[in-house]
Amino acid sequence: MIDRNDVVNAYRMFFGREPESEAVITHYTTEIPDLNALRTLFMNSSEFRDSLERYQPPRMPRLGFNGPLMSVAMDTDESKLMALFDKVSAQWLHLGKTEPHWSVLTNDSYYQDNFHMNRDAFYGSGYPEVQMFDATLVRANVLTANLNRCVELGCGVGRVTGPLAERFNSVVGVDISPSHLLVAKEHFKATSHENIEWVHLDSIASIQNLGVFDVLYSRIVLQHNPPPVMLRLLRDLLNLLRPGGIAFFQIPTYKAGYSFSIDDYLAHPNVTDMEMHYLPQWHLLRLIKECDCEVLEIREDDSTGLSVTAVSNTLLVQKAIHTFSDS
């Protein structure tokens with residue numbers, strides 16, 4: 001058996017912080033059988049892997065700096081765009097029915113057979129991510145006092161939605177998978193979060209039904225959509241931002257050897273496997289400008305887990321505020 005000190009020391013050693021709550025400590029002391037199991041759980045966690053990534057010595061330059069041009073088809077008609085979206089929707093409907101938590105964080109601890117032992121750790125992992133968001137806002141000198149309505153694209157089962165709901169007056173959790181949303185709603189029945197609205201994105205056009213908002217948050221989500229879908233989703237969402245509103249999102253922008261053909265992609269069925277896609281960075285930066293937004297910060301991240309052969313970016317952008325004189 002493990003005791004309270006074992007759990008506290010594990011948090012300090014592996015995460016460099018204190019446990020989220022006494023409830024989390026109690027969970028581990030009652031559900032984890034021994035120190036070996038506790039160590040394995042913490043070492044396999046995404047938070048620990050991220051910390052290792054941060055403290056590793058500098059690596060050789062990424063291949064993306066001298067890699068070749070990607071061949072990525074972007075232009076398509078509305079019917080094919082809908083077909084691309086529907087294919088992704090089918091994949092995530094399946095993942096939500098079979099492994100809703102693992103599909104959000106691909107860690108063995110979060111398979112359904114193991115999840116009852118790791119529920120608190122899973123939902124607790126959303127807090128460090130939102131703290132990173134907080135730090136980005138501080139660096140960019142963005143004040144949040146007037147930012148009230150937050151849209152989280154790809155909320156999944158609500159792992160980050162709860163922490164966001166503690167920061168904004170209203171949070172809209174949007175997801176392509178009704179299966180994931182059912183899990184999220186069930187989880188939040190037992191919480192005091194009454195400012196969360198859940199929205200199923202049942203078509204690419206239904207983004208317009210969200211109305212205007214002040215904050216867009218989306219991480220490890222856009223990467224699972226084909227490039228034309230990424231571009232359309234981002235365009236519609238950035239256009240719905242209020243003046244002065246902000247968007248914090250992650251998106252892969254390069255991988256050596258990646259190519260995308262719309263017709264080839266649609267010709268090969270895939271209902272069961274999670275996919276990774278890349279939107280060329282120049283498309284992304286041009287879109288941000290077209291949507292009257294300014295990049296406040298752009299950083300390379302390791303969200304894809306392919307940091308040597310691929311490039312992923314996390315961006316903070318802000319919608320312009322136009323003032324007009326009477327002259």
Side-chain angles (χ1 to χ4, degrees), residues 1-59 101-140 144 152 155-168 187-188 190-193 217 219-220 248 250 297 299-308 312 314 316:
M1 294 292 293
I2 61 174
D3 60 25
R4 184 183 188 281
N5 288 335
D6 292 329
V7 176
V8 172
N9 289 333
Y11 264 86
R12 291 170 178 169
M13 179 176 294
F14 289 100
F15 297 160
R17 63 179 179 86
E18 299 300 308
E20 292 90 347
S21 65
E22 284 296 325
V24 171
I25 296 173
T26 301
H27 167 76
Y28 285 127
T29 57
T30 55
E31 297 291 341
I32 305 302
D34 52 43
L35 285 174
N36 285 335
L38 183 68
R39 181 174 62 250
T40 299
L41 174 66
F42 275 57
M43 290 181 69
N44 286 331
S45 70
S46 59
E47 184 175 352
F48 179 63
R49 293 200 307 270
D50 288 346
S51 70
L52 286 179
E53 196 68 46
R54 287 195 299 271
Y55 292 112
Q56 282 182 351
R59 291 183 260 195
H101 303 95
W102 175 87
S103 63
V104 172
L105 281 183
T106 52
N107 182 307
D108 290 355
S109 301
Y110 304 135
Y111 281 124
Q112 288 307 283
D113 289 345
N114 303 327
F115 188 72
H116 66 284
M117 297 187 296
N118 304 305
R119 176 183 298 275
D120 289 348
F122 176 86
Y123 281 101
S125 70
Y127 285 89
E129 293 206 15
V130 178
Q131 288 165 2
M132 178 178 66
F133 175 37
D134 293 339
T136 306
L137 295 177
V138 170
R139 286 194 300 272
T144 61
E152 182 191 1
C155 64
V157 296
R159 184 179 66 96
V160 179
T161 318
L164 288 173
E166 295 172 8
R167 286 160 171 78
F168 300 104
H187 170 75
F188 280 92
T191 73
S192 59
H193 296 93
Y217 181 98
R219 290 194 71 250
I220 56 174
F248 183 73
Q250 171 267 334
E297 182 169 303
R299 300 173 73 95
E300 290 191 3
D301 60 61
D302 292 304
S303 299
T304 63
L306 302 169
S307 58
V308 175
S312 174
T314 295
L316 178 69

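Residue indices begin at 1 and follow the sequence shown. Values below: all heavy atoms of this structure, side chains included; hydrogens, waters and symmetry mates excluded.
For Trp102 and Tyr111, the distance between ring centers is under 6.0 angstrom.
Ser312 and Gln250 form a side-chain donor-acceptor contact under 3.5 Å, judged by distance and modelled atom types alone.
Rounding to the nearest 0.5 Å gives a distance of 11.0 Å between OG1 of Thr26 and CD of Glu31. Atom OG1 of Thr314 is separated from atom CE of Met132 by 5.5 Å, given to the nearest 0.5 angstrom. A distance of 6.5 Å separates CG in Leu35 from CD1 in Ile2, rounded to the nearest 0.5 Å. A distance of 11.5 Å separates OG1 in Thr30 from CE in Met117, rounded to the nearest 0.5 Å. Atom CG of residue Asp6 and atom OG1 of residue Thr29 lie 9.5 Å apart, to the nearest 0.5 angstrom.
Applying the side-chain hydrogen bond (donor to acceptor under 3.5 Å, both in side chains) criterion to Arg17, with sequence neighbours excluded, gives Glu20, Glu47. Annotation: side-chain hydrogen bond (donor to acceptor under 3.5 Å, both in side chains) contacts of Ser303 (sequence neighbours excluded): Arg219, Asp301. For Glu297, the side chain to side chain contact (heavy atoms under 4.5 Å, CB included) partners at least two apart in sequence or on another chain are Thr136, Arg139, Arg299, Leu316. Residues meeting the ring-ring contact (aromatic ring centres under 6.0 Å, His included) test with Tyr217, sequence neighbours left out: Phe133, Phe248. With sequence neighbours excluded, no residue forms a side chain to side chain contact (heavy atoms under 4.5 Å, CB included) with Val138. Applying the side chain to side chain contact (heavy atoms under 4.5 Å, CB included) criterion to Thr40, with sequence neighbours excluded, gives Asn44. Qualifying ring-ring contact (aromatic ring centres under 6.0 Å, His included) partners for His187, counting only residues two or more places apart in sequence or in other chains: Tyr123. Looking at residues two or more places apart in sequence or on another chain, you find a side chain to side chain contact (heavy atoms under 4.5 Å, CB included) between Arg167 and Val130, Gln131, Asp134, Pro163. Contacts of Asn114 classified as side-chain hydrogen bond (donor to acceptor under 3.5 Å, both in side chains), with partners at least two apart in sequence or in another chain: none. Taking the ring-ring contact (aromatic ring centres under 6.0 Å, His included) definition, one finds that Phe115 meets it with His101, Phe122, sequence neighbours left out.
Phe15 and Phe42 have parallel rings, their planes meeting at less than 30° on a 0 to 90° scale where 60° marks the start of perpendicular.
Between Ile25 and Tyr11, the closest side-chain pair of non-hydrogen atoms is not below 4.5 Å. Arg159 has its side chain out of reach of Tyr127: every pair of non-hydrogen atoms, C-beta onward, lies at least 4.5 Å apart. Using a 4.5 Å heavy-atom threshold, the side chains of Pro19 and Val8 count as touching.
Applying the salt bridge (Lys or Arg N to Asp or Glu O under 4.0 Å) rule to pairs touching residues 102-120 yields nothing, sequence neighbours excluded. Among pairs with a residue in residues 33-46, none fulfils salt bridge (Lys or Arg N to Asp or Glu O under 4.0 Å), at least two apart in sequence or across chains.
Taking each heavy atom of Gly124 and Pro128 in turn, the nearest pair found is O-CD, 3.3 Å. Taking both residues in full, the closest heavy atoms of Val104 and Ile220 are given as O-CD1, 3.7 Å, listed atom of the first, atom of the second, then distance. Scanning both residues, Leu137 and Thr144, for their nearest heavy atoms gives CD1-CG2, 3.6 Å. The minimum heavy-atom distance between Tyr28 and Ala121, with the atom names listed, is OH-CB, 2.6 Å. Asn118 approaches Ser109 most closely through the heavy-atom pair ND2-O, 2.8 Å.
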Does the side chain to side chain contact (heavy atoms under 4.5 Å, CB included) test come out yes or no for Leu105 and Ser125, once each step is laid out? CA-CA 10 Å; Leu105 281 183; Ser125 70; 3.5 Å; yes
